[in-house]
Amino acid sequence: MNPLEGKDIISIETLAASDARAIFDLSKVIEPFAFRQRVTRVLEGAVLANLFFEPSTRTRISFGTAFNRLGGSVRDTSGVETTSLVKGESLRDTARVVGGYADVITVRHPQTGAAKEVADAVGVPVINGGDGIGEHPTQALLDVYTIEARIGEPNGKTIAIAGDLKFARVIHSFVRLLSKMYEGINFKFIAPNGLQMPANVQESVGSTGRKHTMTFHNSIDAISDADVIYLTRMQEERFDDPAEFQRYRGKLRIDRKTLDSIAKPDVMLLHPMPRDSREASNELDHDLDGDPRLAMFNQTDNGIPVRMAIFALVLDVADQIEKTAHPVNWHVPDKF
Amino acid sequence: MNPLEGKDIISIETLAASDARAIFDLSKVIEPFAFRQRVTRVLEGAVLANLFFEPSTRTRISFGTAFNRLGGSVRDTSGVETTSLVKGESLRDTARVVGGYADVITVRHPQTGAAKEVADAVGVPVINGGDGIGEHPTQALLDVYTIEARIGEPNGKTIAIAGDLKFARVIHSFVRLLSKMYEGINFKFIAPNGLQMPANVQESVGSTGRKHTMTFHNSIDAISDADVIYLTRMQEERFDDPAEFQRYRGKLRIDRKTLDSIAKPDVMLLHPMPRDSREASNELDHDLDGDPRLAMFNQTDNGIPVRMAIFALVLDVADQIEKTAHPVNWHVPDKF
Amino acid sequence: MNPLEGKDIISIETLAASDARAIFDLSKVIEPFAFRQRVTRVLEGAVLANLFFEPSTRTRISFGTAFNRLGGSVRDTSGVETTSLVKGESLRDTARVVGGYADVITVRHPQTGAAKEVADAVGVPVINGGDGIGEHPTQALLDVYTIEARIGEPNGKTIAIAGDLKFARVIHSFVRLLSKMYEGINFKFIAPNGLQMPANVQESVGSTGRKHTMTFHNSIDAISDADVIYLTRMQEERFDDPAEFQRYRGKLRIDRKTLDSIAKPDVMLLHPMPRDSREASNELDHDLDGDPRLAMFNQTDNGIPVRMAIFALVLDVADQIEKTAHPVNWHVPDKF
């Protein structure tokens, strides 16, 4: 019995810890198919509609690749924002039409709540690929999966989160998911004034009854005792006061020297990407590329098994994956 | 012997009634593959080029999904309007190049006659996905297929068509197809002054020698005795006189109350989508969503079997569909 | 042993003549799969990422179709220029992320050197689909393959190249490839003042030690003794002096009359497309369409077997193509 069969994945708030655990368990089993050791064709004949209302190469390609790796076909709709919706069509109508075409829909949309709206309009499973400042649940799932893959369940660990904590939807989903899955996490929230973690997210941490602690900081020095650091970008347009942005510019940066001098030697550094590599921003320096502490590319790599697992669960084919399985027959490099 | 083998589907004008019948017969057989009860891989290895010179999410995804459901691969060219054609390349050249890549081409283009131009340039079958104010034959086929699926052959039925009848290419194809397939249809054309059915379409109704009647109206009250209503949008830019648009705004609207008070209880309501859901337009109210009289989503759903049937016929694989057939092995909801 | 296994195809400069020969040998074997006589599924389960940072319908569709014809799936990223890169993400980061998704990457980019940058960032094979005024190696390979297919190895032949020879990257790759593969080619370079073949390309011809000759011309009359003519567009924006463009406008045009009166009767005429069919440009007249001397559509057709061969070699599946092979089961026209 698979409790995710036919379900939508809209938010971390409404996802049970046991559902996340089921996704992680299957992701582990699916890794050889995602990382090109084995091939499965379990979803041959099925169709994914990638309903993207704003451009997002990374997320769109990740969902599409995950579906292809299960043997399914993908129809992309990246230009959807320029088509019939400009003629006044409701999101509900577009969704219902696509529900008649595809077996599962991923949706990305600039407006908060759009993924739920799509899900309400259709019978097929809907996966939220990020809606406005709302949720981006598959990102949170792959983030936490990446932590487990490296250090195991982070019960009792110190997790420092730095950057714009107010507007970064991925951070909200990340904190909610950690809070409901584990015990005794020591959260350190590091942000400029005005960009700290919103009250509703703080409350959701408290409401789990799982004895987490939260402390609030505005200097990068707070990463010193962290087992895991999650760093995000700060976007100038998010600041009410441009002077405040200038004051914080560069203050929440991490490079090799910072890690070497402040952080624990085996710290794990996450980043949701894209990182801003322009001189003025550069919150995460390229001198950490290839450094084993940086887990950023493990996160994006893990997007494939996690999204494959989600598709396999909502379409209820997990126990059929082996049926068509065989080894990969083409060249695969040692490192991607 | 399949008379559509290798043929182009450019217009309803040049499509024989017997061809439409062959498409409908196969669509019926193909429904289980379109509606996710069965899987076929009959076109595995074949490639469709979706040559779209203007954006159209719905039509592009529908063609692509239909080809995927037959086992084929799809290459999309939705950005084609911004590429080499702006460097002065002729449509003929683009078409011939793509004919060297793909087994079948669908084309959508802002200019009337473009689909024929593409078909003339290539040897592979070409399907018109709508060209300018010309034709949109697959839409007409799925519209009429939807009528047959619900009420059988509409011989002797009253079919009311309301909206901008002058510029709506889909309406012209719809009327031509009904005229050549059935006997004794009572057409009621409901349109604002200046937007009535063009003379050439009226003539084509008369020229079939099949005893249809046509009457002309400008009030929505004319739907009262209709067995089928086909409603379309009015676009402000089509009116010579903006005041005329204002005068008709809202006059050809249908909502639940209109149907309940004026129409026959078992009337069937069609709409080609997109519907304009903005307050000022709103020609078809959302209060009819889920109402059994509204067949609009049956139309879009039926786009898949009808387009699958067209691909299977022009590529002549209809009698091989069963060979690779097997039941769907993933979760399918009761309603899409 | 396949020396191209896991390799990148970035430039003709770094490609050995023996590698080009291996690609041609396999292209010949693959032609029945490219030209729809046979089907293979050798890359079923593999994923190509078409990483296009500028629009190019023809090249993108050609790569994608070639991969589909081997049984693989394709993820397109044509809108990539509008997404996270505008937020300041480095090309290196984008590349590395996509390397975690796909088995092979094709890249097209407005900046010279971009393909190499992508290749340096990832472990999977990278194919250059054209970068700035740099290289476009697969175009050169299909150009030369088309010559061999028609007249055999062009040792000792006269090859005239006309148009903008300074900026046309495809011409540079073409000349380099001919120089390193064959003996005693008589190159005739025909260009307006200021747009002649750059010194570095001339030097690479000399450096092969294979006794080629080069002569320089500025009139189309120089095609008179050519066995092969390669014609390209001139773009106004390439001229320093607009008056110079006006002076050459129409001077390097070829139509049926030109060929009939000046050229050898069995001359072979190549063009990389797109051709500019606007009146003011029209370097290659439509009156040669269908003329057996014009090999332009053979070039684009040959893009499929050549690109299939490249994918099959870098992914090392050439000797497995037959395993899943079977005849095409759908309608194929006599001429595409």
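Just so we're clear, the structure is a prediction, and the values are computed from it rather than from any experiment.
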Item checked: Nearest-0.5 Å distance, CZ of residue B/Phe63 to OH of residue A/Tyr101 -> 10.0 Å
Next item on the list: Anything in residues 39-48 of chain B with a heavy-atom distance to chain A below 4.5 Å? Please list those residues in order.
Entry: B/Val39, B/Arg41, B/Glu44
Margin query: Heavy-atom cut-off 4.5 Å, strictly under: side chain, backbone, both or neither for B/Asp334 against chain A?
Written below: neither
Item checked: Part of B/Ile61 within contact of chain A (heavy atom distance under 4.5 Å) -> both
Notebook entry, point to check: Counting only heavy atoms not in A/Gln37, do more than 12 sit closer than 6.0 Å to its CD atom?
Noted result: yes
Notebook entry, point to check: Is the shortest side-chain N to carboxylate O distance from A/Asp103 to B/Arg69 below 4.0 Å?
Noted result: yes
Next item on the list: Could you tell me the separation between the CG atom of B/Asp289 and the OG atom of A/Ser90, rounded to the nearest 0.5 Å?
Entry: 7.5 Å
Notebook entry, point to check: If you count heavy-atom pairs under 4.5 Å with chain A, which of B/Gly303, B/Ala66, B/Ser62 comes out on top?
Noted result: B/Ser62
Check: So does A/Lys180 have more than 12 non-hydrogen atoms from other groups sitting under 6.0 Å from NZ?
Finding: yes
Notebook entry, point to check: Is the shortest distance from a Lys or Arg side-chain nitrogen in A/Glu89 or B/Arg233 to a carboxylate oxygen in the other one below 4.0 Å?
Noted result: no
Checklist line | Qualifying residue, where the test is side-chain hydrogen bond (donor to acceptor under 3.5 Å, both in side chains) with A/Arg75 and the options are B/Asn68, B/Asn50, B/Thr65, B/Thr57 | finding: B/Asn68
Note to self: Quick check against the 3.5 Å criterion: does B/Arg36 have a side-chain atom that pairs as donor or acceptor with the backbone of A/Ala102?
What the structure shows: yes
Next item on the list: Keeping the roles fixed (side chain from A/Gln320, backbone from B/Asn329), state whether a donor-acceptor pair exists under 3.5 Å.
Entry: yes
Check: So, for B/Asp301 and A/Gly100, which heavy atoms are closest and what is the spacing to 0.1 Å?
Finding: OD1-CA, 3.3 Å
Note to self: So which residue, B/Gln299, B/Lys335, B/His286, B/His326, ends up with the most heavy-atom pairs under 4.5 Å with chain A?
What the structure shows: B/His286
Notebook entry, point to check: If you measure from CG on A/Leu4 to NE2 on B/His331, what distance do you get to the nearest 0.5 Å?
Noted result: 11.5 Å
Notebook entry, point to check: Shortest non-hydrogen contact from A/Asp76 to B/Arg60?
Noted result: O-NH2, 3.2 Å
Next item on the list: Between chain A and each of B/Ala34, B/Ser73, B/Gly64, count heavy-atom pairs under 4.5 Å; write down the option with the most.
Entry: B/Gly64
Next item on the list: Quick one: pull up CG in A/Asp93 and CE in B/Met296 and give me the separation to the nearest 0.5 Å.
Entry: 4.5 Å
Item checked: Heavy-atom closest pair, residues B/Pro333 and A/Gly123 -> CB-O, 3.4 Å
Check: Is the backbone of B/Phe336 close enough, under 3.5 Å, to the side chain of A/Arg96 for a donor and an acceptor to pair up by distance?
Finding: no
Checklist line | Trace of the side-chain contact (heavy atoms from CB on, under 4.5 Å) decision for B/Trp330 with A/Asp316 | finding: CA-CA 6 Å; B/Trp330 61 84; A/Asp316 198 37; over 6 Å; no
